[in-house]
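Below you'll find the structure, written out as structure tokens, and then a few comments.
Only this structure's heavy atoms are used, side chains among them; waters, hydrogens and symmetry mates stay out. None of the values given here were measured: they were computed from a predicted structure.
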Amino acid sequence: MTATAPKILQHLFHSIVLGALLLIAPPHPARAADAAFTQFIASLWPEAQAAGVPRATFDTETRGLEPDYKLPDLILPGRPATGAPSQAEFVQVPADYIKDASIARLAAQGQKLMQQYRPALDAIEKRFGVPASVVLAIWGRETDFGRYTLPYDALRVMATQAYVGRRKDQYRGEFILTLKILSDGVVSRTDLRASWGGAVGLTQFLPSEYYKHGVDLDGDGRVDLWHSVPDALASAAQQLVNKGWQSGVRWAYEVQAPANADCTMGVPEVTKPIGEWLRAGFVPVRGQKISAAEQAQPASLLQPEGSYGPAFLTTKNYFVIKEYNFSDLYVLFVGHLSDRMKSPLPFATPWSASTQLRTKDVEAMQQGLTRIGLYKDKIDGKAGMQTRAALGTYQKSAGLKVDCWPSEAVLRSISTR
């Protein structure tokens with residue numbers, strides 16, 4: 001036997017053992033899932049073809065495409081639901097989300113941009129009836145006036161959400177339209193970056209919104225939400241108009257609520273003319289004058305921190321902005337930033353030192369309120385208008401202090417019912 005024989009036998013033994021392990025080991029779950037994902041993407045070709053996507057574009061853009069299982073809000077077999085804990089609008093108290101220093105910085109930048117893009121903004125105001133400060137505030141909140149680089153590849157986000165997201169059907173359509181954006185030559189794949197939810201461009205549009213609301217304001221023959229500020233701002237204005245924006249109407253009025261104010265009335269369904277709210281004891285802050293025409297406008301009460309912190313009378317346009325991003329804090333941020341571009345004054349009433357319950361605790365509260373028949377909306381862990389109003393109704397029935405704010409003490413009380 002030669003000196004190399006033991007080594008040959010050793011290699012042969014290792015090969016036999018490795019082969020045996022491969023035979024008994026189950027396939028790698030990620031590999032299996034990715035194969036299924038590839039098959040799923042291939043199955044979407046007929047829909048892409050119907051939308052006008054060329055076969056060459058479909059093949060090129062989907063070749064090697066892999067799911068991103070680290071995205072939030074996915075439903076993955078064998079894993080707990082991820083939820084969307086990173087969305088600040090739903091996990092931060094108002095004082096943390098609407099920080100005065102951030103508002104002041106963005107307002108100062110917005111004032112400069114208002115001068116830089118004056119011709120385009122004048123055209124937007126004239127054509128759509130949406131104030132320049134409002135579309136600038138949306139741009140500022142969405143991407144910090146273009147300074148924030150969106151972190152994800154849009155096509156991969158849409159594909160993943162269509163495959164294992166909570167809204168598969170919606171994202172299936174968004175995936176197809178993302179391919180269409182690419183095939184139409186609107187923007188390169190490199191520049192087509194997105195949030196985890198798939199929104200793209202300076203003012204954060206889903207691809208379906210791009211095709212519904214996109215405006216070519218600069219007249220170069222294409223709608224460019226990535227590099228053309230006039231197009232992006234005009235498209236934001238068009239989206240607001242298409243969702244019901246009323247020209248000449250403020251987004252909201254900050255008021256001082258009377259001591260006997262019923263916080264359970266703070267839902268969109270309870271709407272009265274502003275003048276009626278004023279006669280009930282709600283007082284405009286800083287002696288603000290509200291005209292007779294304004295007093296005739298319908299408005300709803302909003303108390304973002306229940307009986308604590310600022311109170312607002314919200315108009316139709318408040319809810320139009322909320323259609324852009326379904327969060328009260330988002331609308332408050334955009335509306336207040338818009339106002340701050342014209343006036344340096346912060347909210348007249350400061351935010352309280354409230355604390356925000358964890359998402360799972362708010363979910364437990366919503367489940368408890370549903371069980372006793374006081375809450376009929378989504379179980380989503382977000383302490384929005386409907387949750388706060390239902391909570392206030394429970395506090396009334398239980399003989400507790402009525403403040404419409406979710407706390408651990410109220411959660412414990414509901415849990416024992």
Side-chain angles (χ1 to χ4, degrees), residues 72-94 96-97 161 164-170 197 257 260-272 300-309 311-312 314 318-319 322-323 325-332 351-417:
D73 219 21
L74 303 180
I75 301 175
L76 300 172
R79 303 189 203 178
T82 58
S86 60
Q87 193 159 352
E89 289 89 350
F90 303 119
V91 295
Q92 291 183 351
V93 294
D96 291 336
Y97 184 84
Q161 294 286 4
V164 288
R166 292 176 182 272
R167 292 169 286 167
K168 294 183 178 67
D169 289 344
Q170 176 190 348
N260 64 346
D262 183 353
C263 59
T264 65
M265 297 177 68
V267 290
E269 293 79 12
V270 178
T271 302
K272 306 176 186 179
S300 300
L301 174 64
L302 171 69
Q303 293 179 289
E305 290 188 307
S307 298
Y308 313 104
F312 305 87
T314 60
Y318 176 94
F319 295 98
K322 194 171 179 178
E323 287 292 313
N325 183 316
F326 202 76
S327 157
D328 290 313
L329 291 186
Y330 177 88
V331 185
L332 287 167
W351 297 109
S352 77
S354 59
T355 57
Q356 178 70 59
L357 286 181
R358 291 173 297 180
T359 298
K360 67 175 185 179
D361 290 333
V362 176
E363 282 186 358
M365 182 174 286
Q366 290 171 330
Q367 289 165 348
L369 292 169
T370 299
R371 186 180 66 253
I372 58 181
L374 297 179
Y375 180 71
K376 298 179 181 179
D377 210 351
K378 293 184 294 185
I379 307 294
D380 57 7
K382 301 166 186 175
M385 289 180 176
Q386 300 291 351
T387 300
R388 294 195 301 269
L391 178 59
T393 301
Y394 171 77
Q395 290 171 323
K396 285 181 183 180
S397 68
L400 303 174
K401 178 183 178 181
V402 181
D403 61 6
C404 298
W405 185 249
S407 66
E408 290 186 6
V410 182
L411 175 59
R412 284 196 298 271
S413 175
I414 293 173
S415 300
T416 60
R417 288 292 289 264

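Of all heavy-atom pairs spanning Trp405 and Val410, the tightest one is O-CG2, 4.4 Å. Between Pro406 and Met365, the shortest heavy-atom distance links the atoms CB-SD, 3.6 Å. The heavy-atom pair separating Leu357 from Val362 by the smallest distance is CB-CG2, 3.8 Å. Here the shortest heavy-atom pairing between Gly392 and Val402 reads O-CG1, 3.9 Å. Listed here is the closest heavy atom pair of Gln161 and Arg166: OE1-N, 4.4 Å. The shortest heavy-atom contact between Val93 and Thr355 is CG1-C, 3.7 Å.
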Item to check | side-chain contact (heavy atoms from CB on, under 4.5 Å) assessment of Leu391 paired with Ile414 | outcome: CA-CA 9 Å; Leu391 178 59; Ile414 293 173; 4.0 Å; yes

Checklist entry - For Leu369 and Leu374, what are the C-alpha separation, side-chain angles and deciding distance, and is it a side-chain contact (heavy atoms from CB on, under 4.5 Å)? => result CA-CA 5 Å; Leu369 292 169; Leu374 297 179; 4.3 Å; yes

Next on the checklist: Is there a side-chain contact (heavy atoms from CB on, under 4.5 Å) between Val270 and Leu301? Walk through the geometry before answering.
Outcome noted: CA-CA 8 Å; Val270 178; Leu301 174 64; over 6 Å; no

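Using a 4.5 Å heavy-atom threshold, the side chains of Asp328 and Lys382 count as separate. Considering only heavy atoms from C-beta on, Trp351 stays 4.5 Å or farther from Asp96 through its side chain. At least one side-chain heavy atom of Leu332 sits less than 4.5 Å from a side-chain heavy atom of Phe312.
Counting only distance, with no hydrogens or angles, the side chain of Glu305 and the backbone of Pro94 share no donor-acceptor pair below 3.5 Å. A donor-acceptor pair is defined here as one N or O able to donate and one able to accept, closer than 3.5 Å; no such pair exists between the side chain of Gln303 and the backbone of Gly266. At distances below 3.5 Å, at least one donor-acceptor pair connects side-chain atoms of Thr314 with backbone N or O atoms of Ser300. Side-chain atoms of Arg371 come within 3.5 Å of backbone atoms of Arg417 as a donor-acceptor pair (strictly under, hydrogens ignored).
Each salt bridge (charged side-chain N to carboxylate O under 4.0 Å, His left out) pair with one or both residues in residues 354-367, not counting sequence neighbours, appears once here: Arg358-Asp361. Every pair passing salt bridge (charged side-chain N to carboxylate O under 4.0 Å, His left out) that includes a residue from residues 392-411 is listed here, sequence neighbours excluded: Asp262-Lys396.
No side-chain donor from either of Gln366 and Gln386 sits under 3.5 Å from a side-chain acceptor of the other. Residues Tyr394 and Ser413 bring a donor and an acceptor atom of their side chains to less than 3.5 Å of each other. Side-chain contact of Thr393 with Thr264: a donor-acceptor pair under 3.5 Å is absent, judged by distance alone.
Cation-pi geometry between Lys322 and Phe326 is met: the NZ or CZ atom falls under 6.0 Å from the ring centre, inside 45° of the normal.
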